[in-house]
J.: 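Quick one: the structure is below, questions incoming.
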Amino acid sequence: MSHSDISAGPDTSPGQAHSRRGAIALAGLLAALLVIPLVIDNAFVSHIFITICLFAALSTAWNIVGGFAGQMSLGHAMFYGIGAYVGMILFQIGISPWLGMFAGAAVAALVGMVISYPCFRLKGPFFTLASIAFLEVMRVLALQFTSVTGGATGMMIDLRLGWTWMVFRERWPSLLIVFGMLLITLAVAWAIRRSRLGFHLVATRERESAAKAAGVRTVRVRLIAVAISSALCAMLGTFHAMYLTFIEPAAMFSLVFSIQIAMFALIGGIGTVTGPLLGAVLLVPITEWARASLGSSALGLHGFVYGMVLIMFVLFMPNGIMSVIKRFITPKPPTDEPTTTETGPISAPAKAAEAPSPDRAGIGSDILRVEGLNKNFGGLAVTRDVNFTLREGEILGMIGPNGAGKTTVFNMISGFLAQDSGTVSLRGPDGQFHQPNNPADFAALGLGRTFQIVQPFAAMSVEENIMVGAFHRHHDEKNAREAARQTAWKMGLGPLLQAEARGLTIGGLKRLEVARVMAMEPRVLLLDEVMAGINQTDVRRAIDLMLSIRDGGVSIIAIEHVMQAVMSLSDRVIVLASGEVIAQGRPQDVVRDPQVIEAYLGKEFADAHA
Amino acid sequence: MTTFLQIITNGLMLGGLFAIVAIGLTLIFGIVKVVNFAHGEFLMVGMFLTWMITTRMGLHPFASVILVVPAMFVLGALTQRLLIQPLMGAEDDHVQIFATVGLSTALMNLALLTYGADIANTPTFGLRAPIELGPVRILTGQLYIFLAAIALVIALQLFLKNSQTGRAIRAVAQHRVAAELMGVNVPRIYILSFGLGAACVGLAAVLIAPLYPTSSNIGTYFVLTAFVVVVLGGLGSIPGAFFGAMVIGIVDSAAGYYIGSGLREAVVFGLFLVILILRPSGLFGKRMTLSHLS
């Protein structure tokens with residue numbers, strides 16, 4: 001997705017002015033939402049403002065799942081409806097909606113998590129379809145279980161007035177309540193967006209596998225997002241039920257209502273904190289006014305307007321109003337400081353390193369043990385009985401012709417692919433060997449990896465990309481940002497910190513890949529062809545960098561085709577061919593091994609040499 | 001036994017109805033790779049057109065096919081050209097979802113605005129007359145729909161397999177860029193395919209209009225089931241959609257009788273969710289169409 005508004009960090013000086021101006025505008029807008037209806041004191045005006053606040057809050061809550069996590073739900077009315085019904089049913093047996101609202105939130109959060117869990121593997125429109133189907137099921141159930149919900153006739157509250165019952169003769173108390181709920185929802189969304197959770201959600205949305213490699217528990221973070229979002233919608237549902245005093249399945253579990261919730265977010269700016277609020281503020285008054293003034297003479301007019309507005313926004317402003325506002329208020333970079341697109345040099349101390357050798361001082365005991373690893377894809381044996389160990393502080397080069405199974409081995413020793421048989425044991429910081437089975441557990445034990453085909457979080461800036469890695473060690477946003485910056489400068493990405501990842505060259509993306517994993521401060525590092533496609537000077541620098549990483553106590557396995565690097569870096573080399581380890585040992589010895597020559601160049605060549 | 005036979009027959013007839021609505025949807029999905037949330041509204045537009053032509057000109061509803069099908073083709077082609085094509089390059093799913101959702105909302109409410117909330121009854125011309133087939137009874141119109149669905153599946157298969165255009169369409173469906181490199185005019189194929197899908201639903205509209213009252217929200221009633229059918233049959237597979245429709249028809253009919261008419265929707269959608277989650281390539285998906293999985 002092409003929107004993220006976290007780049008304006010609190011400590012960038014132009015960003016600070018920008019965000020302060022934004023905060024003032026937001027405060028003004030919110031104040032107007034409250035003050036205007038209180039001053040005008042007209043029932044209809046108050047009703048419109050209550051509706052604005054309600055939709056703005058629902059849409060903001062939707063955005064946590066639909067925007068941050070990128071799960072396009074069109075079933076969110078379900079949670080609103082659950083809140084309305086739970087609140088209403090408890091009201092009837094004499095429990096105040098102030099308590100009922102939390103009961104509804106709990107039920108909705110639970111339902112949300114249970115139904116979302118199996119749906120997360122569905123992508124794009126299919127997640128949307130599933131969410132619509134769940135909404136339909138819910139509506140039919142509400143219609144059927146008449147004894148609980150009152151069925152198609154709906155439920156009407158007994159008139160019990162006052163703050164305890166959240167039912168009032170005047171409009172202003174309802175306005176106060178819904179305004180307060182809007183503030184809370186906005187605060188929650190804002191806090192999530194800046195937090196580790198927010199970064200994890202956006203990273204998962206942008207590139208799930210890379211997020212997993214960075215130690216993000218992708219399912220868990222999305223379940224948390226769903227729970228928060230549904231709970232907030234349910235609380236708003238309880239409020240609205242008390243405000244309407246009458247509920248029925250057709251209105252509470254309505255697809256049209258769901259679409260509206262999502263629509264305000266789209267129009268304001270999906271994935272931004274204040275976008276949904278803007279969308280609701282702009283659109284609700286127009287349609288409410290049209291509905292009231294034209295009435296039944298223009299049945300369907302407001303729906304038609306909604307539909308056309310949606311189409312127009314999708315076609316001409318798919319990132320919403322916020323993207324346009326941002327373009328206007330983001331200060332242009334000063335002209336004397338041209339925006340650079342060049343990466344800086346990798347800063348690694350060039351030094352006469354000790355010659356690599358399997359028995360070099362500084363190599364410790366085993367840290368990763370791979371035993372009897374087998375994997376078949378259908379009838380094809382991709383790896384056969386692969387055994388090797390990695391020792392602490394060692395660089396192990398992994399070479400082999402294309403299709404030898406190198407990347408498959410990487411996938412199995414980082415938890416991305418389950419082996420058919422065999423074990424992968426990793427020594428944790430506690431000194432014990434563990435056998436993790438998923439990427440997040442591998443990451444938790446201190447294993448980091450890169451991908452051969454680079455996997456940037458396209459819509460995030462370079463800094464934010466690295467921050468996702470840094471959040472693995474730092475829980476606080478400020479520390480993660482600081483750590484990310486240091487890593488970026490070390491990797492020569494300093495000048496590009498604020499650039500969007502999608503604009504980087506392939507060399508830049510390769511560096512970003514390494515920077516992100518370095519920010520995780522791994523103990524074991526798996527590098528998959530990080531030198532491919534970078535120029536000669538940078539290869540030299542990258543070699544120095546890897547040596548300095550190694551000297552920092554990190555154990556490295558590197559798949560590499562750049563022989564210059566393999567020869568000068570590796571303490572040991574293992575050679576894979578057709579899924580089997582055919583040789584391992586010192587680099588100088590391995591490249592002379594006739595079996596290795598045969599694997600790369602064919603039998604005749606090996607014979608000719610022998 | 002007679003009851004059971006009647007339930008199965010009703011199921012098959014219902015299946016024919018679902019099939020003819022779903023074929024266009026699966027065609028568009030299979031080729032253009034867009035889930036058209038406005039498909040139900042296309043059906044609704046087609047039904048209103050049939051109703052107008054039949055009542056204004058006093059023709060047999062089936063005669064309106066010569067106007068409705070081309071009109072729907074144009075509507076579909078325009079949708080692709082003006083709404084979907086500009087968004088083909090968008091990286092985000094939500095853009096295309098909202099585009100067709102917006103179109104659906106706009107069309108539905110435009111119909112409400114134009115025709116009001118009343119239902120429009122297309123003259124039946126004897127299509128609601130029951131015929132006896134051994135122990136079971138069906139409506140004449142239902143039988144026509146069933147037969148038309150079979151004919152449409154066969155015709156589309158022949159067209160896609162044997163004609164030059166059909167081959168080009170299949171090439172685009174397999175790999176858009178490769179087809180483009182082979183000299184296929186991809187945007188034109190997309191416009192044609194979207195038009196074709198809409199024309200199929202136009203045919204469905206003509207056949208359905210005499211049997212069901214037309215209203216602005218009739219599309220929603222059919223389209224959700226059509227989505228179920230398409231997923232069940234394996235996305236983009238035309239014969240799959242047909243057999244998926246038969247399964248859903250029988251399940252719907254049996255659930256209506258044995259569980260209760262109120263809950264049959266819940267049964268159908270429950271089945272849909274189970275299949276979507278457990279077997280996303282569909283019950284009949286031989287080729288794994290996993291474009292919707294991560």
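Labels below follow one simple rule: chain letters A, B, ... track the order of the sequence lines, proteins then strands, and each chain is numbered from 1.
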J.: Please determine whether the number of non-hydrogen atoms from other residues, nucleotides or ligands lying under 6.0 Å from atom CZ of A/F416 exceeds 12.
T.: yes
J.: Is it the side chain or the backbone of A/F134 that comes within 4.5 Å of chain B heavy atoms, both, or neither?
T.: both
J.: Check residues 21-31 of chain B and write down every donor-acceptor pair under 3.5 Å in which the side-chain atom is one partner and the other belongs to a residue at least two apart or another chain.
T.:
residue: B/T26; atom: OG1; partner: B/G236; partner atom: N; Å: 2.9

J.: With a 4.5 Å cut-off on heavy-atom pairs, point out which of A/V137, A/V309, A/L266 contacts chain B the most.
T.: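 Top count of heavy-atom pairs under 4.5 Å with chain B: A/L266.
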J.: So, for B/A266 and A/V140, which heavy atoms are closest and what is the spacing to 0.1 Å?
T.: CB-CG1, 3.8 Å
J.: Looking only at heavy atoms, which two atoms of B/N109 and A/G300 are closest? And how far apart?
T.: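 For B/N109 versus A/G300, the nearest heavy atoms are CB-O, 3.1 Å.
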J.: Go through the steps to decide whether A/F304 and B/M108 satisfy the test side chain to side chain contact (heavy atoms under 4.5 Å, CB included), and finish with yes or no.
T.: CA-CA 8 Å; A/F304 179 68; B/M108 192 192 303; over 6 Å; no
J.: Non-hydrogen atoms of chain A under 4.5 Å away: do they reach the side chain of B/L224, the backbone, both or neither?
T.: side chain
J.: Using non-hydrogen atoms and a limit below 4.5 Å, what part of residues 253-265 of chain A faces chain B?
T.: A/I259, A/A262, A/M263
J.: Should A/F127 and B/I97 be marked as a side chain to side chain contact (heavy atoms under 4.5 Å, CB included) after you check the CA-CA gap, both sets of side-chain angles, and the distance that decides it?
T.: CA-CA 11 Å; A/F127 183 89; B/I97 297 173; over 6 Å; no
J.: Go through B/L263 and A/L141 one step at a time and tell me if the side chain to side chain contact (heavy atoms under 4.5 Å, CB included) criterion holds.
T.: CA-CA 7 Å; B/L263 277 176; A/L141 292 179; 4.1 Å; yes
J.: Restricting to side chain to side chain donor-acceptor pair (under 3.5 Å), what partner residues turn up for A/R217, sequence neighbours left out?
T.: A/D441
J.: Between B/F227 and chain A, which part of the residue has a heavy atom less than 4.5 Å away: side chain, backbone, both or neither?
T.: side chain
J.: Among the options B/T220, B/V268, B/V95, pick out the one with the most heavy-atom pairs lying under 4.5 Å from chain A.
T.: B/V95
J.: Could you look at B/L107 and say if it's the side chain, the backbone, both or neither that has a heavy atom under 4.5 Å from chain A?
T.: neither
J.: Let me know if B/A117 has heavy atoms under 4.5 Å from chain A in its side chain, its backbone, both or neither.
T.: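 Both parts, heavy atoms under 4.5 Å.
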J.: As an exercise, state the distance from CD of B/E265 to CD of A/Q144, rounded to the nearest 0.5 Å.
T.: 9.5 Å
J.: Would you indicate whether the side-chain heavy atoms of B/L83 and A/L315 approach each other to under 4.5 Å?
T.: yes
J.: Sequence neighbours left out, what passes side chain to side chain donor-acceptor pair (under 3.5 Å) with B/S104? Give chain and number order.
T.: B/E41
J.: Side chains of A/I132 and B/F37, heavy atoms from C-beta outward: is any pair under 4.5 Å?
T.: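 A side-chain contact under 4.5 Å exists here.
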J.: So which heavy atom on B/L273 is nearest to which on A/A133, and how close?
T.: CD2-CB, 3.8 Å
J.: Quick one: are A/F126 and B/V35 in side-chain contact, heavy atoms under 4.5 Å?
T.: yes
J.: Test A/L129 against B/F272 for side chain to side chain contact (heavy atoms under 4.5 Å, CB included), laying out the working first.
T.: CA-CA 10 Å; A/L129 274 178; B/F272 170 62; 4.2 Å; yes
